[in-house]
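Right, one structure below, let's go through it.
Given the structure is predicted, the values throughout are model-derived calculations rather than measurements. These values consider heavy atoms only, across backbone and side chains, with no hydrogens, waters or symmetry-generated copies.
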There are 2 protein chains.
Amino acid sequence: MAAEIPKAGVAFLLTQLGTQAATKFAERVSALDLTPPQVGMLRMIAAHPGLSQQTLAGNLGMLPSKVVTFVDDLEGRGLVTRTRSTRDRRVHELTLTEEGAELLDKIRAVAAAHEADFCEALDADERARLQSLLERLTESHGLTPGVHPGYRTIR
Amino acid sequence: MAAEIPKAGVAFLLTQLGTQAATKFAERVSALDLTPPQVGMLRMIAAHPGLSQQTLAGNLGMLPSKVVTFVDDLEGRGLVTRTRSTRDRRVHELTLTEEGAELLDKIRAVAAAHEADFCEALDADERARLQSLLERLTESHGLTPGVHPGYRTIR
DNA sequence: TATTGTTATACTCTATAACTATA
DNA sequence: TATAGTTATAGAGTATAACAATA
């Protein structure tokens with residue numbers, strides 16, 4: 001009855017699966033009262049302790065004014081600290097508190113569970129081959145390891 | 001200097017590449033003055049001529065009130081027609097005009113170019129293996145062929 | 001004068017709920 | 001009373017620009 005839908009190519013399958021993966025991950029971290037951009041911030045602060053809000057905004061492709069709001073929240077929850085730099089008193093150096101580091105451990109566990117569930121249909125060998133092909137694509141598109149473009153606004 | 005970023009898994013690579021693919025496709029179709037949801041509508045109308053706006057909204061996971069706005073636009077541009085159903089005068093049957101069908105051909109060409117460019121880094125054999133693995137994943141997640149979840153709001 | 005962080009504001013977008021016409 | 005389509009509206013979210021402190 002229904003006319004045929006043309007077979008989806010790789011690019012379309014990637015948008016489908018990418019949205020699905022992002023949505024499911026967002027659901028999981030919402031159990032920790034976090035959004036994916038906040039998770040990205042915590043990871044970035046852990047990787048570069050003491051970085052400024054401007055640098056953070058630049059690295060993640062977020063608006064500085066947005067960073068303020070998120071850091072307000074994370075600081076109020078005792079996960080992150082702002083410290084005035086002694087070298088340039090304009091900048092706030094960001095670091096994780098011990099509690100923040102513990103939460104990051106939980107995030108890593110959530111991410112591992114997410115990965116395992118999402119790839120459930122593939123065996124270890126297939127998963128490795130898929131990973132390798134996807135890495136080739138990300139490299140060819142110049143995508144930053146560990147940072148996805150979605151922290152910038154999607155239109 | 002920078003602490004190590006843990007290697008990204010398949011799920012994260014998919015969100016990265018999915019966002020990238022969606023963004024690039026959106027850029028391409030914007031040259032035709034269309035958004036990705038509108039492209040989805042045109043494809044759905046072509047596959048199910050005469051369907052109602054409610055059905056269209058349901059199939060694409062869009063709000064009916066949003067469909068109104070989009071159809072207003074597409075109808076105003078002579079791409080789609082609304083016809084009152086003779087069996088139930090409440091419903092508007094949607095069909096593509098000849099111009100709409102021609103635009104859909106252009107969309108298909110754009111999508112093909114998008115596919116080719118996006119997968120440029122892979123040879124035909126790798127592309128086929130990737131496609132097969134991605135299809136397995138979409139099936140395992142119960143994703144509808146040809147419809148991506150992004151027409152629903154992303155939060 | 002330029003830059004960091006912050007705040008305020010204007011703007012867009014979304015979802016929800018009313019409204020009409022048909023059933 | 002219920003449904004298809006439409007319109008109006010309130011709420012959320014985003015980007016831009018103004019601002020104070022510091023360089």
* **Which nucleotide in dG5(C), dT6(D), dT7(C) has an atom nearest any side-chain atom of P64(B)** =>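 That would be dT6(D).
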* Asked: Tell me, do V71(B) and M41(B) make a side-chain contact under 4.5 Å, heavy atoms counted?
  ->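 V71(B) reaches M41(B) side chain to side chain.
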* Asked: Within a strict 4.5 Å, meaning less than it, do heavy atoms of the H141(B) and F118(A) side chains meet?
  ->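 Result yes, sub-4.5 Å side-chain heavy-atom pair found.
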Take the protein atom [atom1] of [X] and the nucleotide atom [atom2] of [N], then report the distance between them rounded to whole Å.
{"X": "M62(A)", "N": "dT6(C)", "atom1": "CE", "atom2": "P", "value": "13 Å"}
{"X": "N59(A)", "N": "dT4(C)", "atom1": "CG", "atom2": "P", "value": "13 Å"}
{"X": "Q53(A)", "N": "dT3(C)", "atom1": "CD", "atom2": "P", "value": "17 Å"}
{"X": "D72(B)", "N": "dT6(D)", "atom1": "CG", "atom2": "C1'", "value": "9 Å"}
{"X": "Q54(A)", "N": "dT22(D)", "atom1": "CD", "atom2": "P", "value": "16 Å"}

Test your reading of the model: is there a side-chain donor-acceptor pair from [X] to the backbone of [Y], 3.5 Å cut-off?
{"X": "T97(A)", "Y": "L79(A)", "answer": "yes"}
{"X": "S85(A)", "Y": "V91(A)", "answer": "no"}
{"X": "R136(B)", "Y": "L122(A)", "answer": "no"}
{"X": "Q131(B)", "Y": "A8(A)", "answer": "yes"}

* **Annotated protein contacts, base or backbone, on nucleotides 16-23 of chain C with a non-hydrogen cut-off under 4.0 Å, one of B, S, - each** => B-----BS
* Any K66(B) side-chain nitrogen or oxygen under 4.0 Å from OP1 or OP2 of dA15(C) ->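 For dA15(C), neither OP1 nor OP2 has a side-chain N or O of K66(B) closer than 4.0 Å.
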* Determine the contact category for V68(B): base if any of its heavy atoms lies under 4.0 Å from a base atom, sugar-phosphate if only primed atoms, P, OP1 or OP2 are that close, otherwise nothing. =>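 Base contact.
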* Tell me which of T69(A) and V91(A) sits closer to the 5' end of DNA chain C, going by the nucleotide each one is nearest to. =>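 Closest to the 5' end, via its nearest nucleotide, is V91(A).
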